[in-house]
Number of protein chains: 2
Amino acid sequence: MAKFSIDLDKAFSALADPTRRAIVSRLCEGPKSVSELSEPFDLALPSLLKHVRVLEESGLVSSEKIGRIRTCKVDAHALQETEAWINRHVSIWEKRLDRLEAHIHRMKRKN
Amino acid sequence: MAKFSIDLDKAFSALADPTRRAIVSRLCEGPKSVSELSEPFDLALPSLLKHVRVLEESGLVSSEKIGRIRTCKVDAHALQETEAWINRHVSIWEKRLDRLEAHIHRMKRKN
DNA sequence: CCAATACTTTCCCACATGGCTAAGTTTTCA
DNA sequence: TGAAAACTTAGCCATGTGGGAAAGTATTGG
């Protein structure tokens with residue numbers, strides 16, 4: 001099976017921070033420069049930039065610098081992969097939950 | 001709107017650790033005691049216990065101590081809530097991605 | 001060509017996290 | 001009752017994370 005091109009550890013921990021979830025949400029509205037991105041946050045630029053770097057490392061966001069402006073955008077491909085993984089994982093959980101419930105049911109019968 | 005009873009920050013950061021994802025997976029097979037849980041891991045008991053505590057704080061796992069044995073299990077309710085949130089969020093992302101793609105499409109036309 | 005703009009780098013700090021060992025505590029069983 | 005089992009607590013350590021200020025580096029626009 002093909003290896004994941006996204007890293008779950010990195011994806012989950014990237015999304016564990018509310019500021020970063022907000023950044024992803026804003027970028028879903030359309031690409032933005034670093035300073036545009038920083039507007040709604042009460043954060044110094046270097047701090048915001050760190051969040052952007054974390055999101056880039058996770059593969060959820062990508063950016064390109066043209067002239068003096070770095071434009072950031074959501075990486076549609078990575079998002080779709082994340083979504084695909086989530087769907088798969090949720091279905092695994094569902095199956096296991098069914099088993100768990102069946103197990104609990106059996107236990108109750110025995111009492 | 002009703003407040004979430006699970007905390008996204010905590011849920012995501014709980015799942016960001018591979019050991020904790022493995023614990024959740026094992027618990028999906030059925031409830032387990034702390035020492036049963038620890039078997040496949042090369043971890044001292046207190047370290048494993050810390051992971052369990054993190055999962056409990058996130059609401060994904062619950063446990064009960066009877067006698068000297070603490071039995072841990074996946075919290076089906078919290079899992080379903082997490083799943084529900086994920087589904088909702090993915091659909092928000094999809095809508096926004098559509099908008100993003102439409103935006104890119106418009107940009108391309110202008111060139 | 002020089003000032004303003006837009007990052008970027010380089011530190012620094014406080015606190016959280018993940019690991020450990022050692023020393024409890026509480027139950028259970030012989 | 002007294003040792004073994006199953007956690008639990010306390011404390012230590014190294015590393016990672018999220019925040020900042022200050023100074024540096026390109027790129028413009030006038």
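Letters A, B, ... are given to chains in the order of the sequence lines, protein chains preceding strands, and every chain is numbered from 1.
- Separating the NZ atom of B:Lys32 from the C1' atom of D:dC7 is a distance of 18 Å, rounded to the nearest angstrom.
- Dashed line: the shortest gap from a side-chain N or O of A:Arg70 to OP1 or OP2 of C:dA6 is not under 4.0 Å.
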Distances under 3.5 Å only, N/O to N/O: pair up the protein atoms with those of nucleotides 15-25 of chain C.
unit_1	atom_1	unit_2	atom_2	d
C:dG18	OP1	B:Arg20	NH1	3.3
C:dG18	OP1	B:Arg20	NH2	3.1
C:dG18	OP2	B:Arg20	NH1	3.1
C:dG18	N7	B:Lys50	NZ	3.3
C:dG19	OP2	B:His51	NE2	2.3
C:dG19	N7	B:Lys50	NZ	3.1
C:dG19	O6	B:Lys50	NZ	2.8
C:dC20	OP2	B:Ala44	N	3.1
C:dC20	OP2	B:Ser47	OG	2.5

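- A:Ser35 is linked by a side-chain hydrogen bond (donor to acceptor under 3.5 Å, both in side chains) to nothing, counting only residues two or more places apart in sequence or in another chain.
- A donor-acceptor contact shorter than 3.5 Å links the side chain of B:Glu36 to the backbone of B:Ser33.
- Spacing between atom CG of A:Leu49 and atom P of C:dT9 amounts to 8 Å, rounded to whole angstrom units.
- Here D:dT17 presents its P atom at 11 Å from CG of A:Asp9, a figure rounded to the nearest Å.
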(message) How would you summarise protein contacts on nucleotides 25-30 of chain D per nucleotide, using B for base, S for sugar-phosphate only and - for none, with heavy-atom distances below 4.0 Å?
(response) --BS--

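- The distance from atom NZ of B:Lys65 to atom P of C:dT27 is 7 Å, rounded to the nearest whole Å.
- By the side chain to side chain contact (heavy atoms under 4.5 Å, CB included) test, A:Pro18 pairs with A:Arg21, B:Asp9, sequence neighbours left out.
- Among residue pairs with one or both ends in residues 40-56 of chain B, those qualifying as salt bridge (charged side-chain N to carboxylate O under 4.0 Å, His left out) are B:Arg53-B:Glu56; sequence neighbours excluded.
- Rounding to whole angstrom units, CD of residue A:Glu36 and P of C:dC7 are separated by 9 Å.
- Separating the CD atom of B:Glu64 from the P atom of D:dT8 is a distance of 12 Å, rounded to the nearest angstrom.
- Hydrophobic clustering keeps B:Val34 apart from B:Ile69 (ILVMFWY residues linked when any side-chain heavy atoms are closer than 4.5 Å, directly or through intermediates).
- We find the CD1-CG distance between A:Ile23 and A:Leu55 to be 5.5 Å, quoted to the nearest 0.5 Å.
- Residues A:Leu60 and A:Ala14 come closest through the heavy atom pair CD1-CB, 4.4 Å.
- Residue A:Ser35 places no side-chain N or O under 4.0 Å from the OP1 or OP2 atom of C:dT5.
- By the side chain to side chain contact (heavy atoms under 4.5 Å, CB included) test, B:Ala22 pairs with B:Phe41, sequence neighbours left out.
- Side chain of A:Arg26 to main chain of A:Leu37: a donor-acceptor pair is present (N/O by atom type, distance under 3.5 Å, no hydrogens or angles).
- A straight line from CG of B:Leu37 to P of D:dA6 spans 14 Å, rounded to a whole angstrom.
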